[in-house]
Amino acid sequence: MSVTYWAQYAWLPHVNGPVVEQDVLIATGTGGKISKVTPDSGPCPPGAVRLEGLLLPGQANAHSHAFHRALRGNVQVGSGTFWTWRDTMYRFATALDPDSYLALATAVYAEMALAGITAVGEFHYLHHAPGGARYDDPNAMGEALIEAAGRAGIRITLLDTCYLSSGFGAEPTKPQRRFSDGDADAWAERAAALRPREHARIGAAIHSVRAVPAEQLGTVAHWASMRKAPLHVHLSEQTAENDACLTAHGVTPTRLLADHGALGPRTSAVHATHLTEEDIKLLTDSSTTICMCPTTERDLADGIGPARQLASAGCPVTLGSDSHAVIDPFEEARALELDERLRTRTRGHWTANLLLRAGTEDGHASLGWPEAGRIEAGSLADFTVIALDSVRTAGPPSRLGAEIAVFAASAADVRHLVVGGRHVVKDGVHQLVPDVPGALHSSIAALSC
C-alpha cells in the first residue's frame with residue numbers, strides 16, 4: 001500500500017552532512033520502501049499523513065537480550081558485581097519457555113517501538129529447555145523471538161549464539177546447560193534451520209571467548225562468512241575475562257578472535273571495554289564494528305571503553321540497550337559523548353550527527369539491513385518522529401534538531417513510528433500492542449522469580 005507522509009521537520013542526508021529540512025513529503029510504496037523525498041514541499045497536502053515534530057530514521061538497537069528486561073529493578077537492589085548480577089540473570093533464564101518468552105519478548109519489542117526503535121539485534125543464547133533437553137522444534141525459543149518482533153511491528157536480526165562452556169573449556173554450569181548445543185558443529189546444524197522472513201534476518205554470535213573453545217571459534221566465523229551474515233561477539237567486557245584468556249591461551253581475547261578469523265567488516269565486537277593498543281589496531285585494521293551499550297556498561301560498572309579512539313581509527317560504532325536497564329536510544333547516544341567527557345574532562349568528542357548515525361545507518365548495517373537507516377528514495381520506510389514541544393525539547397530552533405534529539409530528547413518524546421510504511425506507533429500509542437505496560441507487567445510477573 002502506498003502512503004505519503006508529511007513531516008514538519010526531517011533529518012535528511014546531504015552532500016555536506018545531514019541537515020534538518022522542513023515541510024518534507026515522504027512517499028512510500030513497493031516493498032515498504034521510500035519512493036520519493038521532497039523537502040520544502042509547502043503545507044501538508046490532502047491525503048498525506050501529518051507528522052508534527054522531527055522525523056528521524058528508525059533507531060537500530062544493535063544489541064539486546066530480551067529476557068534481561070525482567071531483571072529491571074531486581075538487579076539494582078544493593079551492590080554486588082557483574083558476576084552476582086549474572087546469578088540473578090540465570091534465575092530468570094531458567095523460568096522461561098517458548099510461550100512465556102513469546103509474551104515477554106513481544107512486550108519488550110513493543111517497548112522498543114515506543115522508544116523509536118525499528119530494528120533489533122537479538123543476541124540469542126536461550127536455546128533449549130532447562131537442563132539442556134531440546135524442544136520438539138530445536139529452534140522454538142528463537143522462533144518465539146522472531147514471532148514476537150512481528151507482533152510488535154519491528155524488524156529483527158536473530159543473532160543465534162554459540163555458547164558451549166562456562167569458561168575456557170569448562171563444562172556448562174546447570175543454568176548454562178540450556179544455552180549449549182554440545183559443540184560448534186551441532187550449533188551450526190541447528191542454526192542452519194532458521195529461516196529469514198520479511199521482517200527477520202538471521203545472523204550468528206560467539207557469546208565470548210570464554211564460552212566457545214578456541215578451536216571452535218572458526219566454525220562459527222565460517223558459518224557466518226558462508227552466509228554473508230552478521231557475526232557478533234561479547235569482547236573484553238570484564239578484566240577477569242582478559243586475565244583468564246591470557247592464562248588459558250597467552251593472548252588477549254581480541255588476538256584470539258583475530259587468529260581464528262572472527263574479526264572483519266561483518267563482525268560487531270560488543271562492549272570492547274578493556275583493550276590493549278594491539279587490540280585496538282587489530283579491530284581497526286579489520287574494520288570490525290564496535291557496539292557500545294553505555295546504559296548497561298555503567299549499570300554493571302564495566303568501565304568506559306575506547307570508543308572514540310576506535311572510531312577515529314576507522315571502526316564504525318553502533319549502540320545497543322543490552323540488559324535493558326533502560327530502553328532509550330537517545331540516552332545511549334548521548335551517554336557515548338557524556339561518558340567520554342567524564343573520562344577525559346573535555347567536551348565535543350562526537351557531533352550529534354555522528355551519534356545519530358551510530359544509532360541509525362551504522363546500526364542497521366551491522367545487523368544486515370544496509371537498506372535501512374536513511375531517509376532517502378530506495379531506503380526502507382522505517383522512521384520515527386520525536387516531539388519538539390515537550391518540556392525536554394521545546395525552545396531551541398528547529399535547525400538544531402539533531403542536537404535536540406541527542407542531548408535533550410528521551411524515549412518519552414517519541415510520537416510516531418513507521419516500519420515498512422506501516423504506522424506502528426501513532427500519537428504515542430502502539431497500534432498492535434495497545435497496553436504495553438500491562439503486557440510487560442503480566443509477562444514478567446508470570447516468571448515468579
**OP:** Say whether His364 and Asp382, considering side chains only, have a donor N or O and an acceptor N or O under 3.5 Å apart.
**Re:** no
Original post:
Is any side-chain heavy atom of Val270 less than 4.5 Å from a side-chain heavy atom of Cys293?
Top reply: yes
Subject >> OG1-CG distance between Thr288 and Leu283, expressed to the nearest 0.5 angstrom >> reply: 5.5 Å
**OP:** Output the distance between atom NZ (Lys426) and atom CG (Leu51), rounded to the nearest 0.5 Å.
**Re:** 9.5 Å
Original post:
For residues Glu237 and Thr273, is any side-chain donor paired with an opposing acceptor at under 3.5 Å?
Top reply: no
Original post:
Do any N or O atoms from the side chain of Ser166 and from the backbone of Glu171 form a donor-acceptor pair under 3.5 angstrom?
Top reply: yes
Original post:
With no hydrogens and no angle check, do the side chains of Ser390 and Asp413 hold a donor and an acceptor under 3.5 Å apart?
Top reply: yes
Original post:
Taking atom OG of Ser208 and atom CD of Glu241, what is their separation to the nearest 0.5 Å?
Top reply: 5.5 Å
Subject >> NZ/NE/NH1/NH2 to OD/OE distance under 4.0 Å, Glu111 and Arg69 >> reply: yes
Original post:
Is there a donor in the side chain of Thr88 and an acceptor in the side chain of Asn74, or the other way round, less than 3.5 Å apart?
Top reply: no
Original post:
Does NE2 belonging to His222 count more than 12 external heavy atoms closer than 6.0 Å?
Top reply: no
Subject >> Pair His274 and His271, ring centroids less than 6.0 Å apart >> reply: no
Original post:
Is the shortest heavy-atom distance from the side chain of Leu159 to the side chain of Thr157 under 4.5 Å?
Top reply: yes
**OP:** Give a yes or no on whether the ring-centroid distance for Phe67 and Phe92 is below 6.0 angstrom.
**Re:** no
**OP:** Please answer whether the main-chain N or O of Gly131 pairs with a side-chain N or O of Arg177 as donor and acceptor at a distance below 3.5 Å.
**Re:** no
**OP:** Verify whether one side chain among His416 and His423 offers a donor that lies under 3.5 Å from an acceptor in the other.
**Re:** yes
Subject >> Arg308 (side chain) donor-acceptor with His349 (main chain) under 3.5 angstrom >> reply: yes
Original post:
Is it true that Arg334 and Glu337 have a side-chain N and a carboxylate O under 4.0 angstrom from each other?
Top reply: no
Subject >> Donor-acceptor side-chain pairing of Asp97 and Ser100 below 3.5 angstrom >> reply: yes
**OP:** For residues Asp160 and Leu194, determine if any side-chain heavy atom of one lies less than 4.5 Å from a side-chain heavy atom of the other.
**Re:** yes
**OP:** Return yes if a side-chain donor-acceptor contact under 3.5 Å exists between Asp183 and Gln216, otherwise no.
**Re:** no
Subject >> Flag if over 12 foreign heavy atoms under 6.0 Å of CD, Glu376 >> reply: yes
Subject >> Exam field: side chain Gln431 to backbone Val429, donor-acceptor pair closer than 3.5 Å >> reply: yes
**OP:** Could you tell me the separation between the CG atom of Leu114 and the OG1 atom of Thr384, rounded to the nearest 0.5 Å?
**Re:** 9.5 Å
Original post:
Is Arg201 salt-bridged to Glu371, cutoff N-O under 4.0 Å?
Top reply: yes
Subject >> His234 and His65 aromatic centres sub-6.0 Å >> reply: yes
Subject >> Proximity of Trp369 and His199 rings by center, below 6.0 Å >> reply: no
Subject >> Test item: Asn139 side-chain N/O and Arg190 main-chain N/O as donor-acceptor pair under 3.5 Å >> reply: yes
Original post:
Does Asp299 use its side chain to pair, donor to acceptor, with the backbone of Ala325 at less than 3.5 Å?
Top reply: no
Subject >> Arg227 atom CZ, neighbour heavy-atom count above 12 within 6.0 Å >> reply: yes
Original post:
Would you say the side-chain atoms of Glu147 pair up with the backbone N or O of Glu143, donor to acceptor, closer than 3.5 Å?
Top reply: no
Original post:
How long is the gap from CG on Asp302 to OG on Ser236, to the nearest 0.5 Å?
Top reply: 11.0 Å
Original post:
Is there side-chain contact between Val108 and Ile327, with heavy atoms separated by less than 4.5 Å?
Top reply: yes
**OP:** Please test Asp435 against His430 for side chain to side chain donor-acceptor pair (under 3.5 Å), starting from the C-alpha separation and ending with a verdict.
**Re:** CA-CA 8 Å; Asp435 181 10; His430 202 292; over 6 Å; no
Original post:
Short question: side chain of Arg151, backbone of Ala103 - any donor-acceptor pair under 3.5 Å?
Top reply: no
Original post:
Are the side chain of Glu332 and the backbone N or O of Thr295 linked by a donor-acceptor pair below 3.5 Å?
Top reply: yes
**OP:** Mind telling me whether Tyr163 and His207 have parallel, tilted or perpendicular rings, with 30° and 60° as the class edges?
**Re:** tilted
Subject >> Any side-chain heavy-atom pair of Asp328 and Ser321 under 4.5 Å >> reply: no
Original post:
Does some side-chain heavy atom of Leu417 sit less than 4.5 Å from a side-chain heavy atom of Phe383?
Top reply: no
Subject >> Donor-acceptor under 3.5 Å (Tyr5 side chain, Gly421 main chain) >> reply: yes
**OP:** Would you indicate whether the side-chain heavy atoms of Pro329 and Ile117 approach each other to under 4.5 Å?
**Re:** yes
**OP:** Using a 4.5 Å cut-off on heavy atoms from C-beta on, say whether the side chain of Leu231 contacts that of Val220.
**Re:** yes
Subject >> Side-chain ion pair, Glu331 and Arg298, N-O less than 4.0 Å >> reply: yes
